[in-house]
*Asks:* 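Here it is: the structure, laid out below.
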Amino acid sequence: MAAADKKVFIKTYGCQMNVYDSERMTAALGAQGYAPTDTAADADLVLLNTCHIREKAAEKVYSELGRLRRLKSERPGMLIGVAGCVAQAEGAEIIARAPVVDLVVGPQAYHRLPQLLARRAGGERPVETDFPAEDKFDHLPEAPKARRAPAAFLTVQEGCDKFCAFCVVPYTRGAEVSRPAARIEAEARGLVERGVVEITLLGQNVNAYRDGEGTGLAALVRRLAAIDGLARIRYTTSHPNDMDDALIAAHGDEAKLMPFLHLPVQSGSDRVLKAMNRRHRAEDYLRLVERIRAARPDMALSGDFIVGFPGETEADFAETLSLVETVGYAQAYSFAYSARPGTPAAGRPGVAEAEKSDRLQRLQAVLARQQAAFQTAQVGRTLPVLVEKPGREPGQMTGRSPYLNAVHLAAPGDLAGRIVPVRIVASVANSLAGELAA
Ligand code: SAH
Ligand code: SF4
Ligand code: F3S
């Protein structure tokens, strides 16, 4: 088979950083003669870009590998690779447990994919989980100069030095590393040339961004805001302790910085926060939210919560509910604690499963009510909406409000990539319905 006839299917799990990495791997494999396809059924190479954050996420990989094993028995030449955070955490164990796997590659070694494929062709089953000193993005080709969707992710920082007691990320992604601002600016300019108008800067601890020349996230945002044609900037995910004055100020006066902030707090109980090694109190978080809202009164806040962390009592949980009531979230994610191998909290006596799911349901009811209230408050307003792609129904397009709400509206397809005024007419489930305003 000619090299150019080969196809790769990448299935992406987990966070936005995996989405970005999958794009870069697609580009790298394109240079090796692999065209992307959107189904495993006709792929010569299937890569699972995996997530290890909770047990359920990690286990999904093995059920997918079970399905792929049947597919591969019909198409023996097919290659199966495991990438992402499960690859980093489990390494060679993956091949021991699922012998159908041909190669394993951790998140910092994607630029070595061509060598790994060559080693596989030579009969090896390579497992690459090094943290190389070089920046993988310097060695991964960028996507071809084709037109792109209007909103894009751009990784600016990777890894985490925080070591929250429940979290695998410091182990799977390694220490915090920031990419040079000049590289990021060049990549952003390239994206804008290809039709991108909104960029979300990604990092596991994005607001800890600081490049070798001392550029912090606020300065990076201002540098990118100077790019003509780039209309919107977002960033995620932030740790409360790294939210500095310069960044808060940028939310007040940098018009391209969108009024939406994902700022996880995990718990409202100081006792639990301490056991989680979050290194701040509930009060610190509430003061921070006040300062952010003083700079940007309409800031929409999002968060992450863990319920049933080891040692969490009903009284601790009540403090989480109370913090949520005080903050008022536009939307949020909440999870039942999942013990992860190798993390400090893994060996601690846990909260009963029934208790965890009861607390999760109660928290999610409050968060759902807040989200509905936030969305209902948008009804009647006219908001600038970035039109992104066709909606579910014919003649419909979908876009995003400044607050990251999905907005559906009747509009011609050629509005994609434009920011248009939209009158919000209704709040429907997890999105808004709107009409083009004159
Ligand atoms: N760097 C980001 C994202 C971490 S993972 C941050 O600091 O927020 C995303 C979310 O998953 C976390 O915020 C946390 O709420 C949740 N999470 C992480 N580990 C978990 C675990 N062991 N059990 C349940 N939820 C977890
Ligand atoms: Fe995990 Fe905590 Fe780091 Fe976020 S800050 S990635 S939750 S260790
Ligand atoms: Fe999952 Fe790794 Fe992202 S564990 S959340 S894919 S950093």
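Only heavy atoms go into these numbers, but all of them, side chains included; no hydrogens, no water, no symmetry mates. Counting starts at 1 for both ligands and their atoms, following the listed order.
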*Asks:* Under 4.0 Å from atom 4 (Fe) of ligand 2, is there at least one protein heavy atom?
*Replies:* no
*Asks:* Taking only non-hydrogen atoms of I53, do any sit less than 4.0 angstrom from ligand 1?
*Replies:* yes
*Asks:* Just to check, does Q204 reach to within less than 4.0 Å of ligand 1 when the distance is taken from its heavy atoms?
*Replies:* yes
*Asks:* Show the atoms of ligand 3 that are less than 4.0 angstrom away from any heavy atom in C51.
*Replies:* 1 (Fe), 4 (S), 5 (S), 6 (S)
*Asks:* Below 4.0 angstrom from a heavy atom of P264, which ligand 1 atoms are there? Numbered from 1 as shown, please.
*Replies:* 8 (O)
*Asks:* Among protein heavy atoms, which lies nearest atom 16 (C) of ligand 1, and at what distance?
*Replies:* R54 NH1, 3.3 Å
*Asks:* Out of curiosity, L29 CG to K7 NZ, how far, rounded to the nearest 0.5 Å?
*Replies:* 15.0 Å
*Asks:* Hey, is F163 touching ligand 2 through its side chain, its backbone, both or neither, going by heavy atoms under 4.0 Å?
*Replies:* backbone
*Asks:* I'd like to check which ligand 3 atoms, numbered from 1 as shown, lie under 4.0 Å from a non-hydrogen atom of Q204.
*Replies:* 7 (S)
*Asks:* So which bit of N205 gets within less than 4.0 Å of ligand 2, heavy atoms only: side chain, backbone, both or neither?
*Replies:* side chain
*Asks:* Check contact between C15 and ligand 1, using heavy atoms of the residue and a distance below 4.0 angstrom.
*Replies:* no
*Asks:* If you count the atoms of ligand 2 from 1 in the order shown, which ones are under 4.0 Å from a heavy atom of R278?
*Replies:* 2 (Fe), 7 (S)
*Asks:* Going by distance only, is there an N or O of F166 that falls short of 3.5 Å from an N or O of ligand 1?
*Replies:* yes
*Asks:* Hey, which atoms in ligand 2 end up nearer than 4.0 Å to a heavy atom of H239?
*Replies:* 5 (S)
*Asks:* What atoms in ligand 1 come closer than 4.0 Å to a heavy atom of R340?
*Replies:* 22 (N)
*Asks:* When you measure from atom 23 (N) of ligand 1 to every protein heavy atom, which one gives the shortest distance, and what is it?
*Replies:* S338 N, 3.0 Å
*Asks:* Y337 versus ligand 1: do any nitrogen or oxygen atoms come within less than 3.5 Å of each other?
*Replies:* no
*Asks:* So is T50 close enough to ligand 3, meaning a heavy atom under 4.0 angstrom away?
*Replies:* yes
*Asks:* Using a 4.0 Å cut-off to any heavy atom of K162, which atoms of ligand 2 qualify?
*Replies:* 3 (Fe), 5 (S)
*Asks:* Using a distance threshold of 2.8 Å, state whether an N, O or S atom of C160 lies below it from atom 3 (Fe) of ligand 2.
*Replies:* yes
*Asks:* Please evaluate residues K136 and D138 with respect to the criterion salt bridge (charged side-chain N to carboxylate O under 4.0 Å, His left out), reporting the C-alpha separation (whole Å), side-chain torsions for both, the decisive distance (0.1 Å), and the verdict.
*Replies:* CA-CA 5 Å; K136 67 180 172 191; D138 288 348; over 6 Å; no
*Asks:* Considering only protein heavy atoms, which is closest to atom 9 (C) of ligand 1, and at what distance to one decimal place?
*Replies:* D304 OD2, 3.6 Å
*Asks:* At what distance is the nearest protein heavy atom to atom 6 (S) of ligand 3, and which residue and atom is it?
*Replies:* N18 ND2, 3.2 Å
*Asks:* Should you measure from each heavy atom of P170, which atoms of ligand 2 turn up under 4.0 Å away?
*Replies:* 8 (S)
*Asks:* At a 4.0 Å threshold, what atoms of ligand 2 neighbour a non-hydrogen atom of C167?
*Replies:* 1 (Fe), 6 (S), 7 (S), 8 (S)
*Asks:* Looking only at protein heavy atoms, which one is nearest to atom 15 (O) of ligand 1, and what is the separation?
*Replies:* Q266 OE1, 2.7 Å
*Asks:* Can you tell me the protein heavy atom closest to atom 6 (C) of ligand 1 and the distance?
*Replies:* T237 CG2, 3.6 Å
